[in-house]
Amino acid sequence: MKKTIIRAVSAVLIFSLAASVMSCGKSGKTRKIKADTPWYDTGVVKAELGVDYSRQIFSIDSQLAGSDDKNLIVVTNGHYYGESSQIGDLNKDVIATVTVIDKETGTTKKTIDLNGEIAFSDHIFKSSFKNGTVTLHIDSVDPTNGNTRIFDKDIDIETGKITDSKEYSRGNVDNGDRNFGDRSFELGDYTVDSAVIYEDGGSYVELAAYSPDGNAKRVELKEAGKALYELKSVLPTGDDKALAVADSNAGLRFFEIDLVSGNSKALDPKEYEWIDTDGLENTYSVNGETYYTTSIGLFRLDLEKKNAEQVIDFSYCGVSRTILEDLHVADISGDSFILTGQHQEKYSLSTGGSYPGFYIVKFIKAEKNPHAGKTILELYVPDEATNNKINEAVLKFNETNKDCFIEITDKYRTGSAGNKGYDGNRDEIRDIELNEEMEMSIRLAMDIINGEGPDIIMNAGMLGLLNNSSYLVDLSPYFSDLDPDKYFTNIVDGAKVDGKLYQMPVCYLIEGICTDKANAGASGVGFTTKEYEKFLYDDLNGKDIIFAGQAHYFAMVFDSMKDKFIKDGKADFTGPEFAELAEFVKKNVQEKAGDDYGENSETAVYGNFRGMIDYFHQLSNIRGDFVILGLPSSDGRGPMFRAYTSAAVSSQSHNVEASVEFIKILLSYKTQEDLAMQENFVVNKEALRKAGLAAADHFNDPYYDDIYGRDNNGQLKENRYRFSKDDIDLLENIILSCSCMHSEDQAVSIILIEEMPAYFMDQKSLDDVIKIAQDRAQKVLDERK
């Protein structure tokens, strides 16, 4: 079946390339921002919630209880760190407030301190607001016996006084008690609470639907043979009916609910594949319409027309989408929208941990778009959510560039009407990943060829198929003056393919084998196959730390040496290096990966090391002359790196120079320093060193003794490792030893995974396998020219 996929893909690429020959330049029309292109002026407020930030906070959670014409009501619950074990003293460490915020300005009008009313063992798991009263729904654990109580407390926001308190029995809807559970949904005049009920043989979802008069109906969501374990959303559909979306062991399931009778009916999931259900975790319903947010923007759901209309594109406002993607709709009034929610700034070595804040963002539609006349450059990010510093770079570009405007595209969002299976061993999971990566590579390649692709592609370093002048611009001429004293130019050079730079690394991880330097081969940065074989049996007792079966193992070591086998679009597997890798794998690697990832080794660890935390963790474990080495190879080469944050420019970009200017912002010292301080390895040497020294000082604090004082098996060591400037010097040398970027050509890897087992299992000679694999690989490469 996989061969069929490869050949079908090849045919599609041939057709696309043929179509591109008939076109000249970018066939897609240049889009410009019009004066009436919707733009939203925004006001951003981090709310004052009456929390004492001079005290160390253990936990904090803020939630919007509701709103009225003038106010937003926010409930905050959590704990400060405290030293006393006395119950009375513990209660002094409670964070419990109700905050009344002016809807127009975002300023705090009043904070009601509930310390003394909410005990240390109480948890406000949800809240609601109606007719001037806040209702707190509370789980309370009796510390003397562990028994749980459930109750409501009503608070008048004018007086700040508790007006009612009522205890309930869990789930006894028939007796009028509230069914406290996982989620609660407001559907016009109805309130729907949910709970997952587990029973022998499976699970289902139970709802309590409360009508405007306070009466409750029990609704059971069940489907034969399906175990439901989470309710994602309940959406109003009119006429006292709703649509429930639940997760199950068979993917997402959909149910029609009658809120009056309590009846439910399972629906065909195929009818709802168009819904991006990731956006339905938090919805807002008003006047029969449902709104929700994603990382891209604000959407209005139309179940009747089966579409989701984008109301606000987050590219067309002045707020970082890093904040906006954590917020949800709180209020809608004409062309004015309010989003609120809890957002935590990304951890930074310069400030340590930061506490989440409650943000209020008001959108007001502007009369005219301030960027009218600019050419739109589409930016695509595969994971659909960019790093906060990348988002800030987009804002900076849009504010400063006079001719172009970056718009983050959502046309590659896939929706989520089902779950992708990632269960299984390493080989099976990698098969899924390879096919997904190849499918996305092909889709992007086809769109670029047809003039419909994005101008800038972020974080596609793993999509090796794109590393071709048919798809991407060679960035080398634009960055030929990078100073090796200021930048790790070996990282930039390591990303080149046949001397051309298609993907600019911005942040990267180091992929290799962590061990004592004494275990390294003669090169000092890696192993030859013979050296690794000796290390495997002498030092690792025959238990490989690279947990993959033969075919996938071979694809890995092949990729680390791909420059030996594929040059200038020509595949040549006939050399001695290919045979050496094949013989090594056949002799030393198990046929298939196990169901787990093996046992931890005190001698060495294979993995991906993304930032200072990963680096320091292994450094503290090995405690020797630490090094990260490359995979077994014919020449003992160093480790690879993965550019998990990278930037590329489409060969048919509407403005290559402007696209490159954006990449230059990403490589500027300010952006590189910010990224480095947020636990990223960066290409700017000074920025990485500054972050490294800050990390050494930060993680030497006694607070981290428990983290860096344990070995790979979790056992405490007598004396923990202390980090110093020398460790940062060592890290710089490790980075300088990196040999190439891990940018896998998924089509070639799949061919090798399919063909090499015939040699490993003695079904064919190596020469016969090479002939077939090389021929298939060459056909794939030829089709890209």
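Keep in mind it's a predicted model, so treat the numbers as computed, not measured.
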> Can you find a pair of side-chain heavy atoms, one from Asp782 and one from Gln778, that are under 4.5 Å apart?
Replying inline: yes

> Can you name the nearest heavy-atom pair linking Gly461 to Ser743, along with the distance?
Replying inline: O-OG, 2.6 Å

>> When you compare the side chain of Thr293 with that of Leu327, does any pair of heavy atoms fall below 4.5 Å?
In response: no

>> So, using salt bridge (Lys or Arg N to Asp or Glu O under 4.0 Å) as the criterion, who are the partners of Lys306 when residues are at least two apart?
In response: Glu271

> Looking at CE of Met504 and OH of Tyr478, how far apart are the two atoms once the value is rounded to the nearest 0.5 Å?
Replying inline: 12.5 Å

>> I'd like to know if the side chain of Gln652 reaches the main chain of Ile448, judged simply by a donor and an acceptor atom lying under 3.5 Å from each other, with no hydrogens or angles considered.
In response: yes

> Between the main-chain N or O of Ile406 and the side-chain N or O of Asn398, is there a donor-acceptor pair closer than 3.5 Å?
Replying inline: yes

>> Before you tell me yes or no, could you show the steps for Lys270 and Glu273 under salt bridge (charged side-chain N to carboxylate O under 4.0 Å, His left out), namely the whole-Å CA-CA distance, both residues' side-chain angles and the distance that decides it to 0.1 Å?
In response: CA-CA 5 Å; Lys270 293 182 180 179; Glu273 289 181 344; over 6 Å; no

>> If you apply the rule side chain to side chain donor-acceptor pair (under 3.5 Å), what do you find for Ser646 with Asn459, and how did you get there?
In response: CA-CA 5 Å; Ser646 63; Asn459 305 355; 4.9 Å; no

> Nearest 0.5 Å, what's the CE-OH distance between Met741 and Tyr508?
Replying inline: 13.0 Å

> At their closest point, which heavy atom of Gln550 faces which heavy atom of Val589, and how far apart are they?
Replying inline: NE2-O, 3.0 Å

>> Once rounded to the nearest 0.5 Å, what's the spacing between atom CD1 of Ile546 and atom NE2 of His552?
In response: 14.5 Å

>> Going by the rule salt bridge (Lys or Arg N to Asp or Glu O under 4.0 Å), which residues pair with Glu223 if we only count those two or more places apart in sequence or in a different chain?
In response: Arg253

> Ignoring hydrogens and geometry, is there a side-chain-to-backbone donor-acceptor pair from Asn450 to Glu452 under 3.5 Å?
Replying inline: no

>> Applying ring-ring contact (aromatic ring centres under 6.0 Å, His included), can you list everything that pairs with Phe558, at least two apart in sequence or on another chain?
In response: Phe565, Phe573

>> Contact between Tyr502 and Val497 at the side-chain level, heavy atoms closer than 4.5 Å - yes or no?
In response: yes

> Is Asp768 reaching over with its side chain to a backbone N or O of Lys764, donor-acceptor style, under 3.5 angstrom?
Replying inline: no

> Can you tell me if CD on Glu304 sees more than 12 non-hydrogen neighbours from other groups inside 6.0 Å?
Replying inline: no

> Excluding sequence neighbours, so at least two apart, what forms ring-ring contact (aromatic ring centres under 6.0 Å, His included) with Tyr553?
Replying inline: none

> Is the closest side-chain heavy-atom distance between Val605 and Ile513 below 4.5 Å?
Replying inline: no

> Is there a donor-acceptor pair under 3.5 Å between the side chain of Thr645 and the backbone N or O of Cys507?
Replying inline: no

> With distance as the sole test, does Thr671 use its side chain to make a donor-acceptor pair with the main-chain N or O of Ile665 at under 3.5 Å?
Replying inline: yes

> Under 6.0 Å from the NZ atom of Lys771, do we count more than 12 heavy atoms belonging to anything else shown?
Replying inline: no

> Would you call Asp745 and Arg784 a side-chain contact if the rule is heavy atoms closer than 4.5 Å?
Replying inline: yes

> Going through the distances and angles, do Met640 and Cys738 end up as a side-chain contact (heavy atoms from CB on, under 4.5 Å)?
Replying inline: CA-CA 5 Å; Met640 292 190 290; Cys738 287; over 6 Å; no

> Looking at CG of Asp767 and CD1 of Ile772, how far apart are the two atoms once the value is rounded to the nearest 0.5 Å?
Replying inline: 11.5 Å

> Hey, which of Ile456, Asp455, Ile457 is the one that makes side-chain contact (heavy atoms from CB on, under 4.5 Å) with Glu378?
Replying inline: Asp455

>> Is it true that Glu281 and Tyr292 share a donor-acceptor pair across their side chains at a distance under 3.5 Å?
In response: no

>> How long is the straight-line distance from OG of Ser320 back to CG of Asn388, given to the nearest 0.5 Å?
In response: 6.5 Å

> Can Arg31 and Thr375 be said to form a side-chain contact (heavy atoms from CB on, under 4.5 Å), step by step?
Replying inline: CA-CA 6 Å; Arg31 292 190 300 130; Thr375 297; over 6 Å; no

> Any donor-acceptor pair under 3.5 Å linking the side chain of Ser476 with the backbone of Leu501?
Replying inline: yes

>> Checking Glu577 now: which residues fulfil salt bridge (Lys or Arg N to Asp or Glu O under 4.0 Å) with it, not counting sequence neighbours?
In response: none

> Could you walk me through whether Ser653 and Ser659 pass the side chain to side chain donor-acceptor pair (under 3.5 Å) check?
Replying inline: CA-CA 8 Å; Ser653 171; Ser659 300; 3.2 Å; yes

> Which heavy atom of Ala460 sits nearest a heavy atom of Gln503, and at what distance?
Replying inline: O-NE2, 3.2 Å

>> So which atom in Val473 and which in Ser650 form the shortest heavy-atom distance, rounded to 0.1 Å?
In response: CG2-O, 3.3 Å

>> For a quick test of reading the model, state the closest non-hydrogen atom pair linking Leu280 to Leu301 and the distance between them.
In response: CD2-CD2, 4.3 Å

> Hey, does Phe641 have a side-chain heavy atom less than 4.5 Å from the side chain of Phe488?
Replying inline: no

> Are there more than 12 heavy atoms of other residues, nucleotides or ligands under 6.0 Å from atom NZ of Lys32?
Replying inline: yes

> So do the side chains of Leu252 and Pro269 get within less than 4.5 Å of each other, counting heavy atoms only?
Replying inline: no

> Thinking salt bridges, do Arg430 and Glu744 make one under a 4.0 Å N-O criterion?
Replying inline: yes

>> Between Arg776 and Glu755, does any NZ, NE, NH1 or NH2 come within less than 4.0 Å of an OD or OE carboxylate oxygen?
In response: yes

>> Treating Thr37 as the side-chain partner and Ile33 as the backbone partner, does any N or O pair qualify as donor plus acceptor under 3.5 Å?
In response: no

> Is a side-chain N or O of Asn467 found less than 3.5 angstrom from the main chain of Leu465, in a donor-acceptor match?
Replying inline: no

>> Could you walk me through whether Phe662 and Val649 satisfy the side-chain contact (heavy atoms from CB on, under 4.5 Å) test, starting with their C-alpha distance in whole Å, then the side-chain angles of each, then the deciding distance to 0.1 Å, before giving a yes or no?
In response: CA-CA 10 Å; Phe662 172 68; Val649 178; over 6 Å; no

>> Between Tyr316 and Phe405, is the ring-ring contact (aromatic ring centres under 6.0 Å, His included) condition met? List the steps.
In response: CA-CA 10 Å; Tyr316 290 87; Phe405 183 92; 5.1 Å; yes

> Stepwise, does the side-chain contact (heavy atoms from CB on, under 4.5 Å) test hold for Val234 with Leu243?
Replying inline: CA-CA 6 Å; Val234 180; Leu243 175 71; over 6 Å; no

> For Phe681 and Tyr644, which heavy atoms make the closest approach, and how far apart are they?
Replying inline: N-OH, 4.1 Å

> Would Phe547 and Tyr606 count as a close aromatic pair, with their ring centres under 6.0 Å?
Replying inline: no

> Got a sec, which residues hit salt bridge (Lys or Arg N to Asp or Glu O under 4.0 Å) with Asp563, two or more places apart in sequence or on another chain?
Replying inline: Arg637

>> For the backbone of Leu509 and the side chain of Arg642, can you confirm whether one donor and one acceptor N or O come within less than 3.5 Å of each other?
In response: no

>> Counting C-beta onward and ignoring hydrogens, is there a side-chain heavy-atom pair between Leu228 and Lys226 closer than 4.5 Å?
In response: yes

>> Return the CE to CE distance between Met756 and Met761, rounded to the nearest 0.5 Å.
In response: 13.0 Å

